[in-house]
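Report on the following structure.
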Amino acid sequence: MMTDASSTIFQDKIDQDIRIEPKDWMPDAYRKTLIRQISQHAHSEIVGMLPEANWITRAPSLRRKATLIAKVQDEAGHGLYLYSAAETLGISREEMIDQLHSGKAKYSSIFNYPTLTWADMGAIGWLVDGAAIMNQVPLCRASYGPYARAMVRICKEESFHQRQGFEILLTLSRGSEAQRRMCQDAIDRWWWPSVMMFGPNDDASPHTAQSMQWKIKRFTNDELRQRFVDICAEQVKLLGMTIPDDQLRWNEERQHYDFGPIDWEEFRNVINGNGPCNKERLAARVQAHEDGAWVREAALAHAEKKIQYGKTA
Ligand code: FAQ
């Protein structure tokens, strides 16, 4: 039950950077916010496997294929840690999966774009994993223990993902004219959707202020987006490529890059289910879940048998 005293103790713990653990008292709204964010994050990892899985069979070499399989497998692992972290808050895995499959739960907008060429594997690694790391490193210090601890390993793996992506683009950028064009085209298509990954501007973000007070978020959407732009604007020079934004310019006074306007209408469309691949992605997830029903049934039957055996033994 919530009392003024318990909510004061709770906020004091947050203010002193003492982690909140599953059995500690927490306000209902804190629990709900975490379930929302962690489950959306888990869904993003799982749906995020699909655009890349599309290229496993067409990777250009055995080395690239093995690396891509490992990356996609890591993403499955991230989804599982995150579902487990969300379960500690009192929601079941089945409920979360139902919310995803019924379209009730969101997942990151970025995974609703198609992967058209091999260079997209590089652009996803460099830009999408790059944006993910920028957002997720501060989550290692999130106030909720199980989420923060899951993020430590996830971030280590994401940083490897980001490097493999950059290396794919670097190789293409030193290749033939056609490869260089493919590289630039992938950057052109993935840049703005990656910038949008950080979410709405701070003044249009309903959850940021409260999540900052609870130290779930340590930085605002715009602060993280700005850091991402600053880093990418420098890294793109190593590739000899360009970022598709003619307003991208170093601002000496701000000590940051200025950048052009974001197409928020496109963002709203994508998060409301009308992006280029939303329907395809959800259909693939639902199909995979249905195809896996026999595995779940067999695992349950096996577990029940073990319990029975344990009782009679
Ligand atoms: N897409 O008030 P805010 C990855 C929604 S993992 C869709 O700012 P908040 C790994 C937001 O949910 C990528 N929806 O919300 C990988 C809210 O809707 P709601 C995922 C978005 O929570 C790489 C509404 O807009 N990462 O990439 C998006 O304070 C490569 C208002 O927004 C995480 O989930 C969006 N981009 O801040 C895998 C990190 N942005 O729930 C495979 C954890 C906002 O009220 C390949 N999450 N919305 O209906 C977070 O840090 C936060 O939840 C934010 C949003 C920053 C995403």
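Whatever order the structure lists ligands and atoms in, that order sets their numbers, starting from 1.
- When the heavy-atom distances from atom 26 (N) of ligand 1 to Glu157, His41, Gln210, Met151 are ranked, the shortest goes to His41.
- The protein atom (non-hydrogen) at minimum distance from atom 23 (C) of ligand 1 is Asp129 OD1, 3.3 Å.
- Scanning the protein heavy atoms around atom 45 (O) of ligand 1, the nearest turns out to be His207 NE2, 2.7 Å.
- With salt bridges taken as basic N to acidic carboxylate O contacts below 4.0 Å, none links Arg163 and Glu167.
- Of the charged side-chain nitrogens involved, at least one lies within less than 4.0 Å of a carboxylate oxygen, so that Arg149 and Glu21 count as a salt-bridged pair.
- In Phe111, the part holding a heavy atom less than 4.0 Å from any atom of ligand 1 is the side chain.
- When non-hydrogen atoms are compared, ligand 1 lies under 4.0 Å from neither the backbone nor the side chain of Met49.
- Residue Ile271 has at least one heavy-atom neighbour below 4.0 Å for each of these atoms of ligand 1: 1 (N), 7 (C), 14 (N).
- Side chain of Gln255 to main chain of Glu252: a donor-acceptor pair is present (N/O by atom type, distance under 3.5 Å, no hydrogens or angles).
- Ion pairing between Arg19 and Asp24 fails under the 4.0 Å rule for side-chain N and carboxylate O.
- Across Ser211, Ser205, Ser44, Gly79, heavy-atom proximity to atom 20 (C) of ligand 1 is greatest for Ser44.
- Of the protein's heavy atoms, Glu158 OE2, 3.4 Å lies nearest to atom 10 (C) of ligand 1.
- Put simply, the side chain of Thr33 never gets that close to the backbone of Tyr30: no donor and acceptor are under 3.5 Å apart.
- When Ser109, Ala209, Ala204, Ala76 are ranked by how near their heavy atoms come to atom 35 (C) of ligand 1, first place goes to Ser109.
- Only side-chain heavy atoms of Tyr147 come within less than 4.0 Å of ligand 1; its backbone N, CA, C and O stay farther off.
- Looking only at atom types and distance, the side chain of Asp291 has a donor-acceptor partner in the side chain of Gln287 under 3.5 Å away.
- Contacts with ligand 1 closer than 4.0 Å are made by side-chain heavy atoms of Ala132 only, the backbone lying farther away.
- Those atoms of ligand 1 that come under 4.0 Å of a heavy atom in Tyr107, given as number and element, are 1 (N), 7 (C).
- Protein heavy atoms are found less than 4.0 angstrom from atom 33 (C) of ligand 1.
- The aromatic ring centres of Tyr113 and Trp191 sit 6.0 Å or more apart.
- Of the listed residues (Met212, Glu45, Gln37), the one carrying the non-hydrogen atom nearest atom 47 (N) of ligand 1 is Gln37.
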Q | Residues His161, Glu158; criterion side-chain hydrogen bond (donor to acceptor under 3.5 Å, both in side chains); working and verdict | A | CA-CA 5 Å; His161 295 173; Glu158 300 282 28; 3.3 Å; yes
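- Interface atoms of ligand 1 facing Glu52, defined by a heavy-atom separation under 4.0 Å, are 46 (C).
- Within ligand 1, the atoms closer than 4.0 Å to a non-hydrogen atom of Gln136 are 6 (S), 26 (N), numbered from 1 in the order shown.
- At a heavy-atom distance under 4.0 Å, no atom of His161 approaches ligand 1.
- The proximity of Asn221 to ligand 1, defined as any non-hydrogen pair under 4.0 Å, is limited to the side chain.
- Near Phe198, with a cut-off below 4.0 Å to any heavy atom, the atoms of ligand 1 are 56 (C).
- When atom types are taken as modelled, the side chain of Arg249 and the backbone of Asp258 share no donor-acceptor pair closer than 3.5 angstrom.
- With respect to atom 51 (O) of ligand 1, the closest heavy atom belonging to the protein is Asn135 ND2, 2.9 Å.
- Look at Arg153 and Glu157 and you find a salt bridge, because one of the NZ, NE, NH1 or NH2 atoms lies within 4.0 Å of a carboxylate O, short of that distance.
- Of the N and O atoms on the side chains of Gln210 and Gln213, at least one donor lies less than 3.5 Å from an acceptor on the other residue.
- Each of Asn269, Asn272, Val270 was checked for a side chain to side chain contact (heavy atoms under 4.5 Å, CB included) with Ser109, and the lone residue meeting it is Val270.
- If you check which protein heavy atom lies closest to atom 12 (O) of ligand 1, you get Gln40 OE1, 2.8 Å.
- Cation-pi geometry between Arg281 and Tyr107 is not satisfied (NZ or CZ under 6.0 Å from the ring centre, within 45° of the ring normal).
- Nearest protein heavy-atom neighbour of atom 40 (N) of ligand 1: Gly199 CA, 3.2 Å.
- With respect to Ser205, the side chain to side chain contact (heavy atoms under 4.5 Å, CB included) criterion is satisfied by exactly one of Asp222, Asn221, Thr220: Asn221.
- Only side-chain heavy atoms of Glu75 come within less than 4.0 Å of ligand 1; its backbone N, CA, C and O stay farther off.
- The pair Asp17-Arg218 meets the salt-bridge criterion, with a side-chain N (NZ, NE, NH1 or NH2) lying under 4.0 Å from an Asp/Glu carboxylate O.
- Of the protein's heavy atoms, Lys217 NZ, 2.9 Å lies nearest to atom 37 (O) of ligand 1.
- With a 4.0 Å heavy-atom cut-off, ligand 1 is reached by the backbone of Met197 and by its side chain too.
- In this structure a side-chain-to-backbone donor-acceptor pair under 3.5 Å is present from Trp55 to Thr115.
- In terms of protein heavy-atom proximity, atom 5 (C) of ligand 1 is closest to Lys106 CD, 4.0 Å.
- Counting heavy atoms closer than 4.0 Å to ligand 1, residue His78 contributes nothing at all.
- With a heavy-atom cut-off of 4.0 Å, Phe267 touches ligand 1 through its side chain alone.
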